[in-house]
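These figures come from a predicted structure and were not determined experimentally. Naming convention: chains lettered A, B, ... in sequence-line order (proteins, then strands); numbering from 1 in each chain. Reckoned from all heavy atoms, side chains included, excluding hydrogens, waters and symmetry mates.
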Number of protein chains: 2
Amino acid sequence: MTMERHPSPGRSRRPTIKDVAEAAGVSRSTVSRALTGRGYAASDVRERVLRAAAELGYVPDVMARTLKQQVSRSVGVLVSDLRNPFYAELAAGASREARERGYTMVLADTSLSAEAESEAAEALVALRVAGVVVTPNSSAVSTYLSAHGIPVVEVDRQFAAGSTDGVVVGNRVGARTATSHLVELGHRRIALFIDETDWTTGYERYQGYLEALAAGDIKVEPDLVVSSGWDVADSRRRALDMLRGPGRPTAVFAANNVLAEGVWRAIGELGLRVPADISLVAFDDAPWMSMVSPTVSAVSQNTYGLGATAVRRLSERIEMPDADSVTTVLNVRLISRESTAPPPAI
Amino acid sequence: MTMERHPSPGRSRRPTIKDVAEAAGVSRSTVSRALTGRGYAASDVRERVLRAAAELGYVPDVMARTLKQQVSRSVGVLVSDLRNPFYAELAAGASREARERGYTMVLADTSLSAEAESEAAEALVALRVAGVVVTPNSSAVSTYLSAHGIPVVEVDRQFAAGSTDGVVVGNRVGARTATSHLVELGHRRIALFIDETDWTTGYERYQGYLEALAAGDIKVEPDLVVSSGWDVADSRRRALDMLRGPGRPTAVFAANNVLAEGVWRAIGELGLRVPADISLVAFDDAPWMSMVSPTVSAVSQNTYGLGATAVRRLSERIEMPDADSVTTVLNVRLISRESTAPPPAI
DNA sequence: ATCCCGTGTGGGAACGATGTCACACGCCCT
DNA sequence: AGGGCGTGTGACATCGTTCCCACACGGGAT
């Protein structure tokens, strides 16, 4: 005696196109034509098929369809950290645009880890997604996906500009504007808190900072440039060190919302008054910046639009795989709030 | 002369298991066994196959595999609004847990719209996902998905308790704790800002509020209970109306982070001092609450854990489809900050 | 010498949908 | 009457993978 295994004991099988065909008294081919609208189907037959499909609750199997057609209607979205409102908002924009264009979105949070990133990339290849939007940590993903013939759009930062599409914001201009704003107020000792300078975002923002200082005839002080990691605790600690030490800066430019939060907390803990004692301006406007007191001036990027634009670009790329690659730059604007003022008189 | 159409002109085809088989000089069956580890494969053959696969950059086609096996390794996650940090965090938790368990996550933002929700549900059925985690807007999704034999876990709120699994927080207890906290401080006029009371979250929190009032022998004043929509602007407007009017409450309990933001802004605009003039406590701790001044007391839920737990529950359900459904309740705790104090002396 | 069994391997039929191809039918035109 | 055409339908191969089954080979027991 052998154990008999039934495919799915008890539970009734999902209806397939064959069930619909039998219910409507036609062949599978006819059902396919009637439902997809490609090819002939007499109107009464079409009607019968539609009714049968609805009655059975038939939903075409995307797997089977994709397997046959060799192209899927889903896109992958890889972001660094959903807990950061920046990425969450970006994902939200991507989601809306994907839905609007009839794509299903497969999302993975790569947690800033290279391993998770390549794991996710492999999963997307396995899924045969039509394309991928990624906030890359290295050039590896783009290279890997491109090698598999999958269109990629890099968003926020770029590692493979030239060979893949990109959607970014005016990082250099934004940073320059923010820093210039401080310079114009009379600040000469302006600190910069920056993340990885080997990312295009970090590099560009750093350059913008330098440009603004140069334009104001201010010498760069290496001590005032802090390259911090990607978490609040670290930047808070580094800010505490700097602000407690001698020769404290009169203003800080924090190059992203996480760094800004760390600096903000450090300022609060030291009992410094903003903007009387110190001015603060951030890159990347986060919700809290308009709620705290005083409110924080920030270079605002249209994050939602960033995600939406990336998916739009991706879908264009999917339609035209051989067109030249394009980098789209979205404008940013400085929102001047209460955290910036002339430096304290000495 | 007819137009000849080549399958994919120019671009080289993705390697299939057949290519690997030829490269390794074995049959497809053997490759399958060697790669999946199911069934016999001599170690030297296995080696050869693995090398060939790596050289070709072979990645198994999930579509084909799923089609054959009739069970996929991806789960759907449906959230209301990724721009709300609550849902973003929940999604982040779900993402990590999914990854850990070897599932790919298909995420859709349902934008609080019933249409988007059912559209997304249908897409998930078409994708043959192994299960779905949803923050439901009605019982429709759960019903629909269950009818297609897809396991569902409702998270945050429940519409189909009893028939589907749920993962929620102690809403009633949390709301009672928050309100009692105000009562104990001496408040008698405590306003409640609440979202839809036909959602379990809203209903439970409302009940918790009532219980705390009853325990303090305080009569409920309908004028102090505001059922507001799901956006900051609306709750701000309603709060302005209430706080400007006569008989202003001495404390407000805002039942979610969005409502709390509206109330917070209204309080600021009216120039009221917290907590001297008015106390505020919120359900759902958002990042800004610990950054503003004064900081806002809040009932904190482990949102990340909520998402992670939901996916864990889902994966257990997938393994044991016929077990009784379970509702998991996560504990919450009141984080007492600076926004609560005894009412002003009259 | 024959049988049997354990270890490996390959053939081939699925899975569900699509689309090409062949063909059936009725009509009009020659 | 027969050819041609337009309309509509069904049979069948196919996509890439899995896995059941058949079978080959060699060694040990009878």
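- Among the protein residues, A:Thr66 comes within range of no part of the nucleic acid, since none of its heavy atoms lies under 4.0 Å from any strand.
- Remark: P of D:dT18 and CD of B:Gln70 are 14 Å apart, rounded to the nearest angstrom.
- Inter-residue side-chain proximity for B:Asp61 and B:Thr16 is flagged as unmet; no heavy-atom pair is nearer than 4.5 Å.
- Side-chain contact between B:Thr201 and B:Asp156 is present, with heavy atoms from C-beta onward closer than 4.5 Å.
- Across all strands shown, B:Arg38 has heavy atoms under 4.0 Å from sugar-phosphate atoms exclusively, and none from any base.
- A close approach under 4.0 Å does not occur between any side-chain nitrogen or oxygen of A:Gln69 and OP1 or OP2 of D:dT14.
- In this structure, NZ of B:Lys68 is placed 16 Å from P of D:dG16, rounded to the nearest angstrom.
- A:Leu50 and A:Leu35 make their closest contact through CD2-CD2, 3.5 Å (heavy atoms, listed as atom of the first residue, atom of the second, distance).
- The separation between B:Asp44 atom CG and C:dT9 atom P is 7 Å, rounded to whole Å.
- Within 6.0 Å of CG in A:Asp44 there are more than 12 heavy atoms belonging to other residues, nucleotides or ligands.
- D:dT17 atom C1' lies 13 Å from atom NZ of B:Lys18, rounded to whole Å.
- Residue-level contact check: A:Thr16 touches the backbone only, with heavy atoms under 4.0 Å from sugar-phosphate atoms and none from bases.
- At a threshold of 4.0 angstrom between heavy atoms, the contacts of B:Val45 are confined to the sugar-phosphate backbone, with no base atom among them.
- Atom-to-atom, CG of B:Leu35 to C1' of D:dC19 comes out at 15 Å; the value is rounded to the nearest Å.
- One interatomic measurement links the two molecules: CZ of A:Arg46 to C1' of D:dT7, which rounds to 13 Å at whole-angstrom precision.
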